[in-house]
2 protein chains.
Amino acid sequence: MGEVSIPIGKLARSVGCKVQTIRYYEQIGLLPPPTRTAGAQRRYGEGHRQKLSFIRHARELGFPLPAVRELLALSDETDSDCAKADRIARRQLEAVNRRIAMLSSLRSELERMLRHRHGHRIRDCRVIATLADHTLCSQDHHAELAES
Amino acid sequence: MGEVSIPIGKLARSVGCKVQTIRYYEQIGLLPPPTRTAGAQRRYGEGHRQKLSFIRHARELGFPLPAVRELLALSDETDSDCAKADRIARRQLEAVNRRIAMLSSLRSELERMLRHRHGHRIRDCRVIATLADHTLCSQDHHAELAES
DNA sequence: CTAAAACCTATAGTGACTGGAGCTTCAAGC
DNA sequence: GCTTGAAGCTCCAGTCACTATAGGTTTTAG
């Protein structure tokens, strides 16, 4: 009853990913190597499951692996370098806010479409225009196109 | 003054992506082929810019290309097959809502961290636990782990 | 003590880009 | 109208984040 210790296949099913993906994350140093049985099979504990689940969700949300690595570091960095953790958290928070803003406008547009659809035949669907809007961008490639 | 007609480099800068990415999207049939000059260089109009901008944002939000293709189809499908467009919109709306929910909880956690950080030394960072939470998942790999 | 299911390593393949080589076209300045 | 450098072209190789396959070993249910 000391540890949970589940094999890789069960872990994979529990977070909804492939077995190879887990081994891949270990290989690139994103997930710490688990203990092994005498026959060299991987056995995972609850900590691993949480971390892996976090990684999968972050990836589904479109965070690139470097960002995931940073977010993971935030919780390991318990209080070693506060300023650094603070910077990371602040930057990721901004990224999260931008994503939420974009998703919100896409959501209203999809909702509008579904509402109007009931009244049949919706002329000019604005789904594209909604997300094409630049005002919520990370990069400032705005005013471009102005010159020449 | 009939059309806008910008070259590929300018288009790339205006949406913040690489020139090659645009050519790649054309190659896989995501972006319609533009007109060409006598010397075979691509010239784009405003419609292309909007579509491309949409694709980039959708990708940044983590939508896979097949989903992007569907969303693009929504606006082309002006009223040819309402029922189909309706299904797509409904399904994508659910995906959007799940994403927003996950991002919202990640946001509160990051905000909490930044608040507490001011009072120095935040013990146990819960960023991981926040996104590790399965209740917002698309897949139902929940109750797994129960058997055996 | 089997035998099927799950695991192992190693390597190759895929999707979505990204970069580079080698050549051509465009457009700004003379 | 000519030049010349930036930007464009095609084609192909490389990267990132997985995903699949081959060929063999370990676990575990019966």
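The sequence lines fix the lettering, A, B, ..., with proteins before strands; numbering per chain opens at 1. These numbers were taken from a predicted model, which means no experiment stands behind them.
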Student: Side chain of Gln20(B) only, heavy atoms from C-beta on: which candidate in dC7(C), dC9(D), dT18(C) is closest?
Tutor: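 Per side-chain heavy atoms of Gln20(B), the pick is dT18(C).
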Student: May I ask you to decide whether Arg49(A) forms a salt bridge with Glu46(A), counting only side-chain N to carboxylate O separations under 4.0 Å?
Tutor: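 Answer for the salt bridge query: yes.
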Student: Rounded to whole Å, please give me the gap between CD1 in Ile22(B) and C1' in dT18(C).
Tutor: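 It works out to 13 Å between those atoms.
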Student: Please table the atom pairs, donor to acceptor, closer than 3.5 Å between any side-chain atom in residues 29-38 of chain A and protein atoms at least two apart or in another chain.
Tutor:
| from | atom 1 | to | atom 2 | distance (Å) |
| --- | --- | --- | --- | --- |
| Thr35(A) | OG1 | Arg43(A) | O | 3.1 |
| Arg36(A) | NH1 | Ala40(A) | O | 2.8 |
| Thr37(A) | OG1 | Gly39(A) | N | 3.3 |
| Thr37(A) | OG1 | Ala40(A) | N | 3.4 |
| Thr37(A) | OG1 | Gln41(A) | N | 3.0 |

Student: If the threshold is 4.0 Å, N to carboxylate O, is there a salt bridge linking Glu60(B) and Arg99(A)?
Tutor: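 No, no charged N to carboxylate O under 4.0 Å.
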Student: Check whether any side-chain N or O of Arg42(A) sits under 4.0 Å from OP1 or OP2 of dC8(C), and answer yes or no.
Tutor: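 Yes.
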Student: Taking only N and O in the side chain of Thr21(B), is any of them less than 4.0 Å away from OP1 or OP2 of dT18(C)?
Tutor: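 Looking at the OP1 and OP2 atoms of dT18(C), one of them is under 4.0 Å from a side-chain N or O of Thr21(B).
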Student: Between dT27(D) and Thr37(A), is there an OP1 or OP2 to side-chain N/O distance shorter than 4.0 Å?
Tutor: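 Yes.
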Student: Whole-Å distance between dG8(D) C1' and Ile6(B) CD1?
Tutor: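 Value for this atom pair: 14 Å.
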Student: With side chains defined as the heavy atoms from C-beta onward, is the minimum distance between Arg69(B) and Phe63(B) less than 4.5 Å?
Tutor: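 No, their side chains stay 4.5 Å or more apart.
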Student: Does Tyr24(B) or Lys18(B) map to a spot on DNA chain C nearer the 5' end, using the closest nucleotide for each?
Tutor: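 Looking at DNA chain C, the more 5' nearest nucleotide goes with Tyr24(B).
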Student: Which part of the nucleic acid, if any, lies within reach of Arg23(A) when heavy atoms closer than 4.0 Å are counted: base, sugar-phosphate only, or nothing?
Tutor: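 Touches a base.
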Student: For Lys10(B) and dG8(D), what is the distance between atoms NZ and P respectively, to the nearest whole Å?
Tutor: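 Distance, rounded to whole Å: 10 Å.
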Student: Between atom CG in Leu65(A) and atom C1' in dC17(C), what is the gap in whole Å?
Tutor: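 For the pair Leu65(A) CG and dC17(C) C1', the rounded distance is 15 Å.
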Student: Could you state the atom-to-atom distance from CG of Leu11(B) to P of dC9(D) in whole Å?
Tutor: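 Nearest whole value for this atom pair: 11 Å.
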Student: Looking for any heavy atom pair under 4.0 Å, which part of the strands does Pro64(A) touch: base, sugar-phosphate only, or nothing?
Tutor: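 No contact.
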Student: Between Arg43(A) and Leu30(A), who's closer to the 5' end of DNA chain D by nearest nucleotide?
Tutor: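 That would be Leu30(A).
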Student: Which nucleotide in the list dT19(D), dG19(C), dC9(D) gets nearest to the side chain of Gln41(B)?
Tutor: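 Of all the options, the side chain of Gln41(B) is nearest to dC9(D).
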Student: At under 4.0 Å between heavy atoms, what does Ile28(A) touch on the DNA or RNA strands: base, sugar-phosphate, or nothing?
Tutor: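 Since no nucleic acid heavy atom lies under 4.0 Å of Ile28(A), the category is nothing.
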Student: Does a side-chain N or O from Tyr25(A) land closer than 4.0 Å to OP1 or OP2 of dC18(D), or not?
Tutor: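 Tyr25(A) to dC18(D) OP1/OP2: side-chain N or O found under 4.0 Å.
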Student: Atom CZ of Arg59(A) and atom P of dA17(D): how far apart are they, to the nearest Å?
Tutor: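 Rounding to the nearest Å, CZ of Arg59(A) and P of dA17(D) are 6 Å apart.
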Student: Indicate whether OP1 or OP2 belonging to dC18(D) is found under 4.0 Å from a side-chain N or O atom of Arg56(A).
Tutor: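 It does, given that an N or O in the side chain of Arg56(A) lies less than 4.0 Å from OP1 or OP2 of dC18(D).
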Student: Does Arg13(A) place a side-chain N or O at less than 4.0 Å from the phosphate oxygens OP1/OP2 of dA6(C)?
Tutor: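 False: Arg13(A) side-chain N/O out of range (4.0 Å or more) of dA6(C) OP1/OP2.
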Student: Strictly below 4.0 Å, N to O, side chains only: are Glu26(B) and Arg23(B) in salt-bridge contact?
Tutor: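 The answer is no: the pair does not qualify as a salt bridge.
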